[in-house]
Every structure is written in C-alpha cells, then in structure tokens.
Colleague: 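One structure follows; several queries about it will come next.
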Amino acid sequence: MEFSLQSSRLWEEVVEQTKVAKEKGIDPLLWALQVSSSLGTSGIALPSTELAHVLVNYICWDNNIPILWKFLDKALMMKIIPPLLVIALLSQRVIPSRRSHPAAYRLYLELLKRHAFALKCQINGLDYQEVMESIDATLHLSEIFGLQTTEPAILVVEFIFSIVWQLLDASLDDEGLLELTEEKVSRWAIKPQEMEIDGHDMYDKKNIAYRERLQNFNTTMAIEIIGQFLQNKVTSRILYLARRNMSSHWVSFIQSLELLGANSAALKNSKVLPSEALLELTSDSRIFLSRECKTSSRQKFHAVMAFGSLASSVSLCPGASRSDLWLPLDMVLEDAMDGYLVNTTSAVEIITGLTKTLQAINGTNWHDTFLGLWIASLRLVQRERDPIEGPMPRLDTRLCMLLSIMTLVVADLIEEEEGAPTDETEYGSTNHWKEMKFPRKRRADLVSSLQVLGDYQGLLPPPKFVVSAANQAAAKAMLFVSGINVGSAYFECVNIKDMPFSCSGNLRHLIIEACIARNLLDTSAYYWPGYVNGRINQLPYSVPAQAPGWSSFMKGAPLTSVMINALVSSPASSLAELEKIFEIAVNGSEDEKISAATILCGASLIRGWNIQEYTVQFITRLMSPPVPADFTGSDSHLIDYAPMLNVLIVGIASVDCVQIFSLHGLVPQLACSLMPICEVFGSCVPNLSWTLPSGEEISPHAVFSNAFALLLKLWRFNHPPIEHGVGDVPTVGSQLTPEYLLLVRNSHLLSSENTHKDRNKRRLSEVASSSSPEPVFLDSFPKLKVWYRQHQRCIAATLSGLVHGTTVHQTVDRLLNMMFRKINKGSQSITSVTSGSSSSSGAGIEDNSLKPELPAWDILEAVPYVVDAALTACAHGKLSPRELATGLKDLADFLPASLATIVSYFSAEVSRCVWKPVVMNGMDWPSPAANLSNVEEHIKKILAATGVDVPRLSAGGSSPATLPLPLAAFVSLTITYKIDKTSERFLNLAGPALESLAADCPWPCMPIVASLWTQKAKRWFDFLVFSASRTVFLHNSDAIVQLLKSCFTATLGLNIAPISSNGGVGALLGHGFGSHFCGGLSPVAPGILYLRVYRSIRDIVFITEEVVSLLMHSVREIACSGLPKQKLDKLKRSKNGMKYGQVSLAAAMTRVKLAASLAASIVWLSGGHGLVQSLIKETLPSWFISVHRSDRDQGSGLVAMLGGYALAYFTVLCGAFAWGVDSSSSASKRRPKILGSHMEFLASALDGKISLGCDGATWHAYVSGFVSLMVGCTPNWVLEVDVDVLRRLSKGLRQWHEEELALALLGIGGVGTMGCAAELIIEHFDS
C-alpha cells in the first residue's frame, strides 16, 4: 500500500512537472532529461510503461496541444517510454477521435511511421515481456484473435496485424465503404464511444475547409502507411505469419483491403501508392515469408529442386524427357496391369493422390500435370498394343485405364477445385477470397493439355481392335462441325469403312469423347484446329428405319435374340441406355433378366469406356438382389436368381474383367456380394437345376463353383497366412484376406463429410449402401468361415483331424471311390494307404453312388484328405501318376470349386519339403525334354538386358528333370484342362498358384513346368517363358540387386557416357514383351521385369538398403560421366558452382532427381507403407551414422552435395507416396509418428547429440534439401512436427547460416513456432 501511494505521488509529480514545462514553454529535450533524471532517482526502470499511460492520458484530450506532442516525441526518442505501447495506447484514443482531432491523428500517423517499423531494438529490451503484456491488455489482442498465449513475439505479430487492420477499417469508414464489408462494422474501436461535442470554432468556414483537407490527407496517409506495412521486409513477413496462423481473420482483412483498393477515392490522389499497387500487394504471390536465397548452398539447392514446367525442364537438359517427370506414375500404371494384383483400393483414388503428390513435388502447373497424365496413360497402351497371348490382362485393361480411370481422375481433380470448400488451414472458412484470388482454371488447363496432346502423334495410333471406334469418334466430330446432326443409330447401321470421306481417328478422339461424356468438355472441342480432316455437305447414307441396336432398343424394340446379340457386341453410349437395361434386369421376366445380365457383361463392360463406371456399379448391384416383397420361402431368395447370378459371375470372370472391377475399386463390394452366393449355393444339395435360354443346364454346384472361383481370385488365397511384415505394418499381400476385404467394404459405408466431398468415395459408398446398408462380417457366412479356417490350417500345418466313422471320413471314401473307380476293385482301397499326417483307415464303401449328392461345402471339407490319400498312394506305388492326374481331374470336374482346395493343399505340401522328387521321364510323368533347351535360350534372351546369369537347366544334358511330387501332380492335373472359355476361369485360379508353387521350388522347377505347359499351349509360349524367367530372381538375391542396378542404368542412360544419352521411362519400361519384335522374343526392359518379380520376393526389407546404395552410386556415376574433369575443377574453385558449366550441372542435377524418383518408386511399390516406415526410421539413420568410404575421384565435393540432395528428394517422395502431401487419405494418419521420429533424428544430430559418419557436405545438403522440400511442397507435414523439434532444427540451420530456410520452417510451423519466426524475422531483416 505504501509502495502504491509512493508510485501514485511520483506520477502526480511527473504530471505537475509536465504541466509547469508546458506553461513555461521549456524545451522538450530539457523536459525529457528532467523526467528521466527524476524517474531514475526514484528507482523506476526505463523505459516505463506507467509513464506511457500517464502521458497519453494527460494529452488525450484535455491537453491536446502541439508542445505536449513534442514532449511525447522526445520521450520516445530518449527511450524513457516504450514506442509500441505508446502506439497501442494512442490507437485506442486517437483513431476513434480522428474526425474531431484530425491534427492528433496526423501526429499519430507520423509517430507510427517513425517507430512501428523499428522493432529490433524494442524486442531486445529487458521490459519486452512486460511491454507486450501491457499492449495485450490495452488492445485485447488475445481475446480478439483467440490465441491464449503470453509469448511476447506472438503478441508482436498480433500487434502489427491489429494496427494495420485498425488503419484499414478507419480508412474504409472515412470513405464510406465500411458498410460494404461482410461484417458491416469494425471489430476495432474506430469510432468514439461517447458523443463528441463540437468546439466553438467548428463552424468557422475556414476551419471547416482546413479540417476537411486534413482529414482527406490523413486518410491518404493512413492508406500509404498500410502499403508500407505490406512492403516493408520485416512487417510484410510478420503479416505473412498472421496469414498462416490466423486464417479466418486474414480472410476478412484481405476482403476489406481489396474493397479499399478497388473503391478508394483517396488512393486515386496518392502519388506514393496507386490503387493498382495496393491490389498487387494483396496478391498471394507478394505476401510471402522469404523468397531470397543468400547462401550458396541454397542456390545449389534451388538448382536441384526447381524443375519448373515440363517445357522449361526439357529445354534446359538435353537428355530429359517430358515423361521423366512422371516416371512414378508410369510405374504405378504398369504395375496395375499385373494380372496377379487385385487391388482393394480404387485406381482413381491411387492415381488422384499420386497426381497431387507429383504436382506438388515437381511444382508443375495443371496444364503440364494433365498433359503428364495423358502421356503416361498413352504410353501404357502403346507399350502393349500387340500383347502376347496368355492368362494375363490385355489391351482391354489398359484402355480402361486410359479412357475410363484417367478421365475419372481428371474429373475428380476438377471437381475438387470447382466444388470443394476452401482449405481452412490455408485460407479460412469462406470461399469468397479463394474465388477472387484463384480463378478456377483446371478445366481450362485440361482443354489446353488436350489441344497440345495432338502434337504427340507417336502416342496416338489406336490398337487394331479399337481403330473402328476411333474412326467413328472422328466421323462424329466431322459430321457435327459440318452441321449434320445424327444420332448413334447412324453409326450402328453404317460401316465407317464404307464412308466416302476419310475419318482417320486416333486415341485422342476417344479421350475427347470420354471427357465430353463426363461433362469435362463440350462439343466446342470438335472445332479445335486439326481435330477433324474437313467437312461434308450431306450424309452419304440414310438411316434404316429399323436396325437392331441401342437406338432401336431405346425406342421400344423388344429383346429378341438378334437384338441381344447386337447389344452384347456394341457398348452403350449413354447412362440412360444402361439404366433401361438395369431396370429390365431388376423387374423383367426370368429370360429378360438373363438377357439383361448378358448385355451388361458384354461390350458395355469391356469397351464402354464412357460409361464403364456405371456398368460395373450396375453389375455389382445385381449381384446382391434384394429380397422380394412377396417372398415367403424358407430357403434363401438368392436361389430364385440362380440363372441371372450365374450369367453375371461367368460374364465377369475373365482376367480383364476382374482387373476392370479392381481398377474401379469394386473388389471389396464384389467379394461381399459373392460371399452370400457361395454360402447359399454351397449349402444346397445338388438336386436342383436350371436351364438357361441357351439350353445349358446348371446346378447349384456350378453356380457355387463359378462364384467361389471368382471370390478366391480376389485375394492371395494360396499364400501362407503369415507373411514377412515390415516394421509395425504388415505387407500388402498379407492384408488380402476375406476379413480385410469386408473391412474395406464396410469402410465405404461411412458417410462422413469427406466422403461426400470426394467424388470417388461417394460412388463407392452408393454401391455399398445399395447392397446392404449395414456392415457385413465373415461371421455372417459360417460355412465359408469353416472352409477358410481349414484352409489356413492346411497351409500352416500338416493335415490332421480325420476321424474314422465320421461324416467327413465317409465323404472322403465316397470321393476316392468316385475318382479311382477304374482301379481293380479287388485290390486294397486307396484310403488304407495314407500319409503320416492322416488318420484315415478302413475299407471303402463300395455300394454308394459314385457321385455323392452332397452340398459343396461338405465336399470341400473332405477334399484335403482325399488329395492327401491319393498323393500318398501314388508315393507308395498304389496309384500310377496317370491314374492320380485322372482321378484329380474327375474330382475337379465333379466340383470345379474343389480345385481351390487342391491348390492350397499342394502349396502347403511343397513348402514342407517332405515329398521325394519324381523324374519327369515321359513314361510315368510327362517329360519337358522336347523344348526345355528352347525355354532356356528364350529365358537368356529375355534377361539379356539385365546382365543376370541364367543357371543351366541341366548339367550337360545328363541330369534328369525332376519335380517335387505335389508339384508334379499339380502340373499334371492342370495340363489335362482344355484351353477354352469354360476352363479359363478355373485355369486363371490355378495358373498363378502353379507359378507361385513352382517358383518356391528349387531351380529349374519353373522352367520345367513352363516347358510342359508350352507343349500343351503353344500360343502361350511367350507368356510361359517370361513367367519362368522371373524365377531366376527369386532364388538369388544378387540377381535382384543386378536387376535393380539395370533399372537405374537404363533409366539414367549410364551405359553411354554423354549426358544426353537415351534413358528415362522408355528405357526403363521399354515396349513390354512381344515376340512380334525382330522375329522372336526381345530382351525385356528391366523395369517390366522388376514390376513382375517384386511381389514374390519374400525378404523385401533388404531392398531399401540396396536402393539407397544404388542411388548414391548413380549420383557418383552421373557426376563423373556428365561433367568433364576440367569443368569439375572449375566448379569446385568457383564460389558459386553454377557460374561455370551451368547447363551441364543443371542436367546432372536433373538426372540425380530422376534417379531419386526411380528409387522412391521402387521402395514404395515394393513394400508400401511398411517399407517406407522401415526406410525412414531405420535405414536412413543407420546410413547417416555409418562411415562411408569417400570417393576421391573426380568431383568428390560435388558428389557429396548431390548425394545429399538426392537422398532428400528420395525421402520426401517416399513419404509423399506413402502418406500423401495433405491429410485427405487414411494413410496420412501414420505420418506424424514416423515423420516425427525422423525430424527428431535430424534435430538431435544438429544438436550434436548424435555422431554422424557420413560426409559433412552430404549431411548439410540432405538436411537443407529435406527441410526445403517440406516447406515448399508439403507444408502440412510441418504442422504435424513437435514445436520443440522445429525450433531445434531452426537453430541448427541458423548455425549453418541458413537463416532463410530456418525462417521458412518456423513460418509454416503453426502458432507454436510463430513467435520464434517473428523474432527471427526481426533479428535477420531489421537492419
């Protein structure tokens, strides 16, 4: 109390002292010295916040005279009061009274200009914290901005922002514009709280004119000061922090600023800041944190990272190609063509995420991005325009990717811009500012990209079987521009070849039609220069009145057999046509339902690219028919739909159709639809039958077998349930289980906000909801679950559990008697000779029917024991190999679904290595000798480009070919099948299993199997030999390393010295297989080989270390082969390495980035999230800690720097592939933990807590490159990193004199780092 009284007396004395000085007219400097001395004697620390309050209160408004403003100015100059606090106090008092006290407002603005920009000296004061807290209390900053913090630097940001905003609102109010803002009023005190009483001189005419001039001048001056805040290198960066971290406030602020810039009369009178200049200052390109690069390492970094547009990067580097930017996309597209891959995630989602990642990392505009998408997908089609024959996806799948999936990706990207709300993290919660600042130009960029695409004639020729469709698209455009309006009926009746005018179409015409069908373009595209060959005056042919086709069908023509054939053979052209067919499939007669299902599975599914997403949706919905309202039966309603369901299942069973469903993301829902079908028909006794319109008779066993075979294709059922995982994340393959498929399907039901924003997720959600709005679990299918658990046990452990006298045992005996009925009945029963793993014994039941009338599930339960008994009998000589194969074929013919259980049994038994090998001698077992050497020669030719040695298939031809007994039995069974459409769906099930089985056996089992099969299917020779060639890599890790090295060498063109040598995507992926080249199989590109091999590599973890090693080796090769020694010497002597040989160095850096892009693609494709996690958490830290042999050859310093940048780009790309650049994917939830651990490693190393063994230049380049890429390309990542880690990283970067980079990192780190960023801005830029 005593202290308070003393303080109060002291300030009263100061006020009295000031009053006396005012009356006597004492010099302001003398007054300031007297006050300073008086306060010093009283122990008051200077500058004094209390004195600031006292002086401002004294002046406003009882003593508003010039000399007291001079006193205030001297007090500021003498630093006895804090300037920022004085500005805050005056803004609260002067701005609201600026009209009644225009002179005071003018003086306030002058003080603002003088002191608001000199921040450095003010934040270094001892009273910094106290001053900012006092400012907060005065202006209520924490309350207004909602940031509850006492960190003084954050308050500095709020203070600068608030002062500019107060000036802005005051200026708007002065010009009558404030009411035009969205809020209508200001959040700041810009108007007096009480009624102002006019002075006696207010009505003097001269005074009125003077005051008006002064007010107008003040308004202009206030706006000019706003411009200074936006231009000043310190305050502009501080305002950037406000924009980043107070986004909702920033949106309102920028809207008001644009309103002022567009409508201010005062700006028109300003000679300093015209309205155009103010509007330019508000643009996003001007409000930035840091664009300068003062350190040499930053200059080098930008040279490495700045690809720019496609055109600029190509022009800079002679060896570069437009498609090199999109190498990861090319690899992902080609990888999706693997027939053994059935993905649970829609290709639309995968490619959309990858596109956004590459667009962000490469920094390309949307024109180049869309062009890159089209080029990559066209390359995909051209790579296999004449594919080899075999059970693998053909051109239909590739065209689906180009014309359906890619256009859906583009549609989603355009809808994201045109329909999605603004990103609140970046721009706030309203759309208005985004709409004004960012014109919606993705659609325009799509148009320009497609116009430019016409220049790529080498990619546009259509494959043979789509030439007619391409020509029809061109003819349609020609007729349109000629003013001749024809419908699809004309083209249904007229052959394009018969037209008298040239209609040579290409793949671009088909792309344009696909885009028009999805409302991405309109028919103005037909008028693009060069799109059509000319015009015609009249139609050469008239349209027949009635011709079978979609047009006549839509007009009411009945579904006759001729009409059905026409609709099956030609795709629907519109959604309305599909909807009519779907309506018939739902509500028509039994025959009509079958016909409609047949039509949907015809050309509309395979070649209906413009409506393909609807075709697969309708088929999937038909697979889950609803229970009829009048259904009263005790059995499942699905039985009544058996004919239609069988037609649908058979119609989509081909490899291409399964891949098309996979690409559209419908595999989980398809599996969910097949499970109840399998459950119901597998439980039926086969005493029912249905006759199809074709006359074919089907039984429940047939429906079940077809459905079960299709279901099993949707996951890797023949692989062990426990596969090698990586880190905390299991491999992709091990996730493909029935439970996982249902889990993914159930996730589609979630109708969150994000689902409705995402067009693709919305499609999948609609399909899932239409079949069952509730989640579905494996427990809903008890019979399927029992079989699945038995299947898992069979693979994981030896067969056991068969008890004599049980129903299963009886079924086993009946099946064995059926299979081996031709064996002498007087001999011992097969079941009495069992393997050690079976407990079956006793005589068979001879009197029962040879074909047991049992439900399919009961038969499948017995099949493992049946096969076990038969194989054991063969091993003991009780069955001949021919009898074994015939018996197994009889079992598979009786219940085709039993092939799945046979596959799982043989797979398990081969892996246990307990069966003796058998000699494939041509007597007991089929012999491969006829063409084994031919297979060997072709394998060598296929692998010629990799440098991998192919082991001899036989030593001098003397060693007999042998196979393990289960494998010999399996291959003998498969070659008994005919290669026709009926057997195809079962061979497609057995084929991958046979290959996987043979690949796991010792060399040369797979070549032997291929040799046997090539004798059976000569037209599959190329496919079978290629499959055999893949197994070379599965038995030798050194061969995999050599293959990886070949991928880098081919991509970078390192086999030829000049930097402009060929390489890139073309060298990596080549032209596929194709025996049509050079009269025989040509060497297969290394990238194709790796993409077809890596899924079978068991120990995938070692890939990361090898890829890192090959990446660093490639960097050395690039540096040494691309730059001659004399240039390297000059680069090392130059302060800025870019000054000499700039193009050569830039080209080398471009190739380094290409190498890193390839490395990241390999790691991501090989192991997904798990391998990326292992790389970032384990491999990279270990690499940096380890000591590496320094390369003392040419340009070692440059090599070290390039190596660091390569690793940085490689790491960021790996993370971006795995998690995305934003938070839209579910995988992004894993990012904070993994990224946080890596950032902690970087910070600890910079702190000196971790000793590094790598080259210092490599480490420096890696850290600066990694942080720069995060700041520039993945700013959302920075927000997920711990604030303390960011501060430590920033400190370490500043120690390297990387102030700009340190500032950029802190600037986007969120509110937690905003204070540190503000202080760094003031320290670094306030000179």
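Values reported hereafter were calculated over all heavy atoms of this structure, with side chains retained and with hydrogens, waters and symmetry mates removed.
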Colleague: Sort and list the pairs that fulfil salt bridge (Lys or Arg N to Asp or Glu O under 4.0 Å) and have at least one residue in residues 996-1009, not counting sequence neighbours.
Modeller: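 Applying salt bridge (Lys or Arg N to Asp or Glu O under 4.0 Å) to every pair that reaches into residues 996-1009, excluding sequence neighbours, yields Asp1000-Arg1098.
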Colleague: My understanding is that only residues two or more places apart in sequence, or in another chain, count here; which of them pass ring-ring contact (aromatic ring centres under 6.0 Å, His included) with Trp1013?
Modeller: Trp1020
Colleague: Hey, can you pull the donor-acceptor pairs under 3.5 Å for the side chains in residues 644-662, sequence neighbours left out?
Modeller:
from: Asn646; atom 1: OD1; to: Asn706; atom 2: ND2; distance (Å): 2.8
from: Ser654; atom 1: OG; to: Cys657; atom 2: N; distance (Å): 3.3
from: Asp656; atom 1: OD1; to: Arg394; atom 2: N; distance (Å): 2.9
from: Asp656; atom 1: OD1; to: Thr397; atom 2: N; distance (Å): 3.3
from: Asp656; atom 1: OD1; to: Thr397; atom 2: OG1; distance (Å): 2.3
from: Asp656; atom 1: OD2; to: Arg394; atom 2: N; distance (Å): 3.4
from: Gln659; atom 1: NE2; to: Ala336; atom 2: O; distance (Å): 3.2
from: Gln659; atom 1: NE2; to: Leu341; atom 2: O; distance (Å): 3.4
from: Ser662; atom 1: OG; to: Asn343; atom 2: N; distance (Å): 2.9
from: Ser662; atom 1: OG; to: Asn343; atom 2: O; distance (Å): 3.3

Colleague: Pairs in or reaching into residues 783-797: which pass salt bridge (Lys or Arg N to Asp or Glu O under 4.0 Å), with residues at least two apart or in two chains?
Modeller: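 Counting only pairs at least two positions apart or across chains, the salt bridge (Lys or Arg N to Asp or Glu O under 4.0 Å) contacts touching residues 783-797 are Glu739-Arg789, Asp779-Lys785.
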Colleague: Is the distance between the ring centroids of Tyr740 and Trp715 less than 6.0 Å?
Modeller: no
Colleague: Tell me, which pairs form a salt bridge (Lys or Arg N to Asp or Glu O under 4.0 Å) where one or both residues lie in residues 678-704, sequence neighbours left out?
Modeller: none
Colleague: In this structure, is the centre-to-centre distance between the rings of Phe681 and His701 below 6.0 Å?
Modeller: no
Colleague: Check whether the ring centres of His809 and Tyr865 lie less than 6.0 Å apart, and answer yes or no.
Modeller: no
Colleague: Report yes or no: does Glu909 contribute a side-chain atom to a donor-acceptor pair with the main-chain N or O of Phe906 at less than 3.5 Å?
Modeller: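 Not a single qualifying donor-acceptor pair exists.
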Colleague: Which residues pass the ring-ring contact (aromatic ring centres under 6.0 Å, His included) test with His664, sequence neighbours left out?
Modeller: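 ring-ring contact (aromatic ring centres under 6.0 Å, His included) check on His664 returns nothing, list empty.
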Colleague: Could you report the tightest heavy-atom contact between Ser699 and Trp690, atom names first, then the distance?
Modeller: C-CZ3, 3.7 Å
Colleague: Ignoring hydrogens, what is the shortest heavy-atom contact between Met818 and Pro852? Give both atom names and the distance.
Modeller: SD-CD, 4.2 Å
Colleague: Flag the pair Arg882 and Asp924 as a salt bridge only when some basic side-chain nitrogen lies within less than 4.0 angstrom of an acidic carboxylate oxygen.
Modeller: no
Colleague: Under the 3.5 angstrom rule, does the side chain of Ser907 hit a backbone N or O of Val903 as a donor-acceptor pair?
Modeller: yes
Colleague: Before we go on, tell me: are the rings of Trp787 and Phe708 under 6.0 Å apart, centre to centre?
Modeller: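 Centroid separation for Trp787 and Phe708: below 6.0 Å.
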Colleague: Between the side chain of Asn817 and the main-chain N/O of Asp813, is any donor-acceptor distance below 3.5 Å?
Modeller: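 Yes, Asn817 side chain to Asp813 backbone: donor-acceptor pair under 3.5 Å.
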Colleague: May I ask you to decide whether Arg1095 forms a salt bridge with Asp335, counting only side-chain N to carboxylate O separations under 4.0 Å?
Modeller: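 A salt bridge is present here (some side-chain N lies under 4.0 Å from a carboxylate O).
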Colleague: Please round to the nearest 0.5 Å and tell me the distance separating atom CD of Gln669 and atom OG of Ser771.
Modeller: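 That separation rounds to 3.5 Å.
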